[in-house]
Structure formats: structure tokens, C-alpha cells
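Some notes on the structure that comes next.
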Number of protein chains: 2
Amino acid sequence: MADPAHKDAPCMPCSVEATLNLIDGKWKIVILYKLLKGTLRFNEIRRLLPGVTQRMLTNQLRELEADGLITRTVYAQVPPRVEYNLSELGRSLEPILMAMKAWGDANLNRSLPAAEAA
Amino acid sequence: MADPAHKDAPCMPCSVEATLNLIDGKWKIVILYKLLKGTLRFNEIRRLLPGVTQRMLTNQLRELEADGLITRTVYAQVPPRVEYNLSELGRSLEPILMAMKAWGDANLNRSLPAAEAA
DNA sequence: CCGTATCCAAGCGGATACTG
DNA sequence: CAGTATCCGCTTGGATACGG
């Protein structure tokens, strides 16, 4: 990649890949999923994701915001208050999120992929 | 990660996350997408993914195989011949793949020639 | 043709401490 | 409450060489 004028070799089904890239990340998809249900504050999301660190949560939220999938609203108050919401674009991901959840429920259904019934 | 004796696992939309984990990886989703159209040999896949290395392609294929999403058929011949196919489980991902492609086409619409959905 | 093996760089992600 | 900043290990993924 020593050629700045040359983009990465574009493989063509990139729309499916590009979509994946937006929701890829250790916590992004769960954040989006949780936000489907409504507005959440920073610490609310944090509580919903046991194991996440402030750094990662901030990072993932910023990336989602940069990709236009969520909105971030800061209230200039003395106890700081920041609310996160899905943008219209983010909300349009709902069918995909639901399809993925349904698939997981149906196929790996809280179990390990023990064997595939041929 | 898997801690059966531990009661806290409040992150219950994990099915959506678990599903994502199966298709996560730099090339996996494109491989699955390409395999939707039918059987492919190793070098055929390689040619469809400009920029992929043997190591990565092998790695991604092995992971997909381990997850039961694709099947690998080796023909004891000279020259060697290895065919990859979607398993039934892998094929059941089609709605998700298509939904992701449709979303990408609609929302981040690059200059995509329609030469892919053949 | 279909891989393995080895080396190595980049960056993702965790732990911790500090701030407005 | 909602972040930033720093350090650092681990994994991902690329380049190359070799093997059956």
C-alpha cells in the first residue's frame, strides 16, 4: 500500500462487505440492537454490556456516530447528560439485526454447533 | 468466555452477536456470498477476491468449515482438486447476506456495476 | 493445484488512572 | 456522569518461502 493514489483492490460484492464493516466491532451490533428499543444514556448502555470498558464503549459509539448510524445529544448540564439514539439510517438496519437474531435463535439456539444434521 | 456456572450473562441478544461472529472476518462474508452461486474451487475463490493471500483464504475457509457453514471436498487426484460448497446451514444465511447487500446498495451506494448478482 | 510454515507489522481491545 | 489518556498484550492479517 505504498501508493496513495491507488485504492484498495475493490472486490465487487463490496456492498455486502461494506455493510458488514459498519456493524463490525466487538460491541457495535449489540449497541445497535439495544438502541432499537429507544434512547439510552452512556452509563445505561454500559450497564447493558457487562464487560465493556469506557474506552471501548466510547470508541464504538464514536464510530457508529461517524458512520451516521446513531446520534449523540449532549445536554449542557451540571450532571452531564448524553443521550444516544439510532439515526434513521441506523434504524433502517433493523431488518438485518432482526434477521441475524432470528438466525442465531434458530440455528445456534444457545447451543454450540455440535453437529450438522445432513 | 463460556462460563456455565456463572449466572450473569445479561447480554441476551447474544444470538445477534453470535451470528455476527460467524460471518466476521475480512473475507468470510464475501466467500459466503460468492458460494451462494454454486461450487467453487480454491483458486476460483482466490481469483474472485483480489488481494487475498493463500494463508488468509485457507484460514477463512477452515473457520467457515469449522462453523459448519461450508463443506470441503477433497478429490485424491493429481493435480489436487478441492471443492467448496455452502452447507445447508450456510445456505440458510442467504436472507441475511441479501439483506446486507440490499442495505449497502441502498444506503452507501458506491458506483457498483451490477455485474455481481449473476 | 492446494495448501503449510514462518516472520512480522498494524491495530483492536483490555486495565488503569485522570478530568470537566 | 461521561468521558480522555496512557500503556500494553493479543489477535488479525500481509509477505514470502516451502511441501505434497
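Here is the naming used below: chain letters follow the sequence lines, and residue numbers restart at 1 for every chain. Since the model is a prediction, treat every value here as computed from it, not as a measurement.
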How is Q60(A) classified with respect to the nucleic acid when contacts are heavy atoms under 4.0 Å: base, sugar-phosphate, or nothing?
sugar-phosphate
Please tell me if R62(A) has a side-chain N or O lying less than 4.0 Å from either OP1 or OP2 of dG3(D).
yes
Option from N85(A), L35(A), L89(A) for which side chain to side chain contact (heavy atoms under 4.5 Å, CB included) with I70(A) holds
L35(A)
Nucleotide dG13(C), atom C1' - distance to CH2 of W27(A) in whole Å
10 Å
Rounded to whole Å, how long is the line connecting atom CG of L20(A) with atom C1' of dT12(D)?
15 Å
Between F42(A) and M56(B), just flag the one whose closest nucleotide in DNA chain D comes earlier from the 5' side.
F42(A)
Please say yes or no: joined through hydrophobic side-chain contacts below 4.5 Å, possibly via intermediate residues, are L40(B) and Y75(B) part of one cluster?
no
Nearest-Å distance, CG (L49(A)) to C1' (dA2(D))?
15 Å
Would you tell me if any nitrogen or oxygen in the side chain of R41(A) comes within less than 4.0 Å of OP1 or OP2 on dA2(D)?
yes
Could you work out which one of dG13(C), dG13(D), dT4(D) sits closest to the side chain of T58(A)?
dT4(D)
Quick one: L40(B) CG to dC1(C) P, roughly how many Å, whole number?
15 Å
Please evaluate the base of dG14(C) for a donor-acceptor partner in the side chain of R55(A) within a cut-off of under 3.5 Å?
yes
For dG3(C), take OP1 and OP2 only and decide whether either is under 4.0 Å from a side-chain N or O of Y84(B).
yes
Short N-O contact, K101(A) and D105(A), less than 4.0 angstrom:
yes
For R72(B), answer base if it contacts any base atom (sugar-phosphate contacts may also be present), sugar-phosphate if it contacts only those atoms, and nothing otherwise; contact means non-hydrogen atoms under 4.0 Å.
sugar-phosphate
Protein-nucleotide distance (L57(A), atom CG; dC12(C), atom P), rounded to Å
16 Å
To the nearest angstrom, the CD-P distance between E83(B) and dC1(C) comes to 15 Å
Selected nucleotide, minimal atom distance to N43(A) side chain, candidates dC1(D), dG13(C), dG14(D):
dC1(D)
Mind checking if P79(A) touches a base, just sugar-phosphate, or nothing, with heavy atoms under 4.0 Å?
nothing
dG3(C) phosphate, OP1 or OP2: any side-chain N/O from R81(B) under 4.0 angstrom?
no
If we check side chain to side chain contact (heavy atoms under 4.5 Å, CB included) with W27(B), which of these qualifies: L49(B), L64(B), L61(B), T53(B)?
L49(B)
Write down the distance between CD1 (I31(A)) and P (dA2(D)), rounded to a whole number of angstrom.
14 Å
May I have the distance from N59(A) (atom CG) to dT6(D) (atom C1'), rounded to whole angstrom?
15 Å
For the residue pair Y84(B) and E44(B), confirm or rule out a side-chain donor-acceptor distance under 3.5 Å.
no
Could you pick out which residue, T53(A) or Q54(B), lies toward the 5' side of DNA chain C when each is mapped onto its nearest nucleotide?
Q54(B)
